[in-house]
Amino acid sequence: MDIDARSLLKKLNIQPVKSLGQNFLTDRQILEEIAETAELSENDTVLEIGPGLGSLTSVLAESAGCVVAVEIDKRLVPVLHDIFIGYSNVHIINQDILKMEVQKELEPYLNAADGTRRNLKVVANLPYYITTPVIMKLLESGLKAECMVFMVQKEVAERMAAGPGGKDYGALSVAVQYYSRPSVVMDVHPHSFVPQPEVDSAVVKLDLYKTPPVELRDRDLFFKIVKASFGQRRKTIVNALNNAGYLGLNKEQIRTMLDKIGVEENRRGETLTIQQFAQLANMVYDIRNSRG
Ligand code: SAM
């Protein structure tokens with residue numbers, strides 16, 4: 001049976017807060033598919049962001065060794081404590097995920113009672129107003145997670161998984177694909193939520209790399225170059241990089257580098273692969289460091 005979030009909210013006298021992205025998932029089949037996508041076992045600790053009324057939390061707790069659920073809304077914390085009173089493997093933390101020291105706070109939950117170390121997985125029906133900052137925070141923090149499964153706005157899922165050349169490919173695609181292999185698992189219609197969001201949703205899985213797919217001499221420089229290349233979509237890569245004055249590159253230097261990696265100078269940034277961005281960034285690094 002699906003979750004009757006409307007009655008539960010009424011009984012608890014709680015109004016969903018739009019600014020916190022409170023669209024509760026009520027379709028049991030989708031909740032189960034999300035948990036299955038994460039391939040949970042007793043050896044896993046799950047970080048859930050935004051447990052809300054606990055519907056996804058309870059499905060996760062059936063298979064995972066431990067679930068740590070981080071909820072910002074104080075009103076929902078006693079509700080969650082009541083729901084999970086009989087569960088020894090569910091821990092509720094009342095915090096803003098964007099302010100939390102995630103790795104440090106999760107540490108105690110990663111050690112199983114028998115002394116073994118559990119794998120970390122992240123699963124969330126994310127509040128859409130902070131989708132990108134949350135995902136980038138988790139990826140950039142070097143969190144040692146095996147995979148992350150997120151319900152996000154459909155358009156964002158497509159951007160994360162897009163390859164070079166298409167309209168969806170951008171700085172977010174390159175950033176996510178530097179840390180992980182993304183795949184869109186399923187589309188989800190607004191009627192699966194209470195209240196219904198104004199956009200279509202999708203579940204995306206990120207399988208995290210142990211070693212990134214490209215070697216970078218300077219990660220910040222790589223992301224600056226990616227940002228500069230996508231910042232001016234209608235410009236050729238030569239003009240986009242030349243206009244990013246802080247990179248300190250003249251057109252001749254840019255043309256020479258592009259020639260070395262076999263990219264024609266009239267190409268646009270959004271046609272470059274992550275490997276080509278990496279080659280470019282490493283050459284820029286070498287030029288800068290040979291200036292003395
Ligand atoms: N997991 C529930 C479900 O699937 O029905 C609720 C998902 S709802 C889309 C997003 C949840 O994230 C809400 O419970 C909201 O209060 C919570 N939330 C919003 N911003 C947050 C933040 N910065 N840190 C932690 N939780 C947050």
Side-chain angles (χ1 to χ4, degrees), residues 1-12 14-38 40 46-62 64 67-84 87 90-102 105-106 121-138 141 143 148-157 185-204:
M1 219 175 51
D2 287 348
I3 314 295
D4 189 356
R6 216 177 290 281
S7 300
L8 187 55
L9 287 166
K10 202 167 162 205
K11 194 175 114 197
L12 297 165
I14 288 178
Q15 286 285 337
V17 178
K18 204 173 173 185
S19 62
L20 287 179
Q22 291 184 342
N23 301 98
F24 302 105
L25 188 53
T26 55
D27 186 321
R28 188 168 293 279
Q29 198 183 330
I30 294 173
L31 289 162
E32 279 166 8
E33 279 184 51
I34 294 175
E36 274 166 31
T37 301
L40 300 175
V46 178
L47 164 65
E48 188 197 1
I49 298 149
L53 299 169
S55 49
L56 181 57
T57 321
S58 61
V59 181
L60 299 173
E62 279 168 27
V67 180
V68 181
V70 179
E71 173 57 60
I72 197 171
D73 188 346
K74 279 194 173 56
R75 301 171 309 161
L76 299 174
V77 174
V79 175
L80 290 162
H81 279 305
D82 274 358
I83 297 173
F84 295 106
Y87 289 66
V90 176
H91 307 273
I92 312 294
I93 298 182
N94 180 208
Q95 270 208 48
D96 177 346
I97 189 69
L98 290 176
K99 295 193 180 140
M100 185 171 161
E101 278 190 66
V102 180
E105 300 228 13
L106 286 177
K121 294 181 175 173
V122 182
V123 182
N125 170 15
L126 281 178
Y128 293 174
Y129 76 108
I130 46 167
T131 301
T132 309
V134 170
I135 295 178
M136 289 319 297
K137 172 180 172 160
L138 297 176
S141 67
L143 197 66
M148 302 188 183
V149 179
F150 296 120
M151 172 86 78
V152 295
Q153 205 174 317
K154 184 174 174 202
E155 186 200 308
V156 178
V185 178
M186 64 177 155
D187 292 346
V188 182
H189 191 271
H191 69 213
S192 299
F193 302 84
V194 167
Q196 295 194 15
E198 279 143 23
V199 291
D200 284 333
S201 303
V203 175
V204 64

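Being a predicted model, the structure only gives us computed values, none of them experimental. One is the number of the first residue; the rest follow in order along the sequence. In listed order, ligands and their atoms are each counted from 1.
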(request) Look at the side chain of Asp96 and the backbone N and O of Ile72, then say whether any donor-acceptor pair between them is shorter than 3.5 Å. (result) no

(message) Over 60° means perpendicular and under 30° means parallel, so tell me whether Phe84 and Tyr87 are parallel, tilted or perpendicular.
(response) perpendicular

(request) Determine whether more than 12 heavy atoms belonging to other residues, nucleotides or ligands lie under 6.0 Å from atom CD of Gln196. (result) yes

(request) For Asp4, check side chain to side chain donor-acceptor pair (under 3.5 Å) against everything at least two apart and list the hits. (result) Ser7

(request) Look only at the side chain of Asp187 and the backbone of Asp200, and say whether a donor-acceptor pair between them is shorter than 3.5 Å. (result) no

When you pair each N or O of ligand 1 with protein N or O atoms, which pairs come out under 3.5 Å?
from: ligand 1; atom 1: 1 (N); to: Glu48; atom 2: OE2; distance (Å): 3.4
from: ligand 1; atom 1: 1 (N); to: Gly50; atom 2: O; distance (Å): 2.8
from: ligand 1; atom 1: 1 (N); to: Pro51; atom 2: O; distance (Å): 3.4
from: ligand 1; atom 1: 4 (O); to: Asn125; atom 2: ND2; distance (Å): 2.9
from: ligand 1; atom 1: 5 (O); to: Leu25; atom 2: N; distance (Å): 2.8
from: ligand 1; atom 1: 14 (O); to: Gly52; atom 2: N; distance (Å): 3.4
from: ligand 1; atom 1: 14 (O); to: Glu71; atom 2: OE1; distance (Å): 2.7
from: ligand 1; atom 1: 16 (O); to: Gln22; atom 2: NE2; distance (Å): 2.9
from: ligand 1; atom 1: 16 (O); to: Glu71; atom 2: OE2; distance (Å): 2.6
from: ligand 1; atom 1: 20 (N); to: Tyr129; atom 2: OH; distance (Å): 2.8
from: ligand 1; atom 1: 23 (N); to: Asp96; atom 2: OD1; distance (Å): 2.9
from: ligand 1; atom 1: 24 (N); to: Ile97; atom 2: N; distance (Å): 3.0
from: ligand 1; atom 1: 26 (N); to: Ile72; atom 2: N; distance (Å): 3.4

(request) Mark yes or no for whether Lys121, through its side chain, and Val149, through its backbone, hold a donor-acceptor pair below 3.5 Å. (result) no

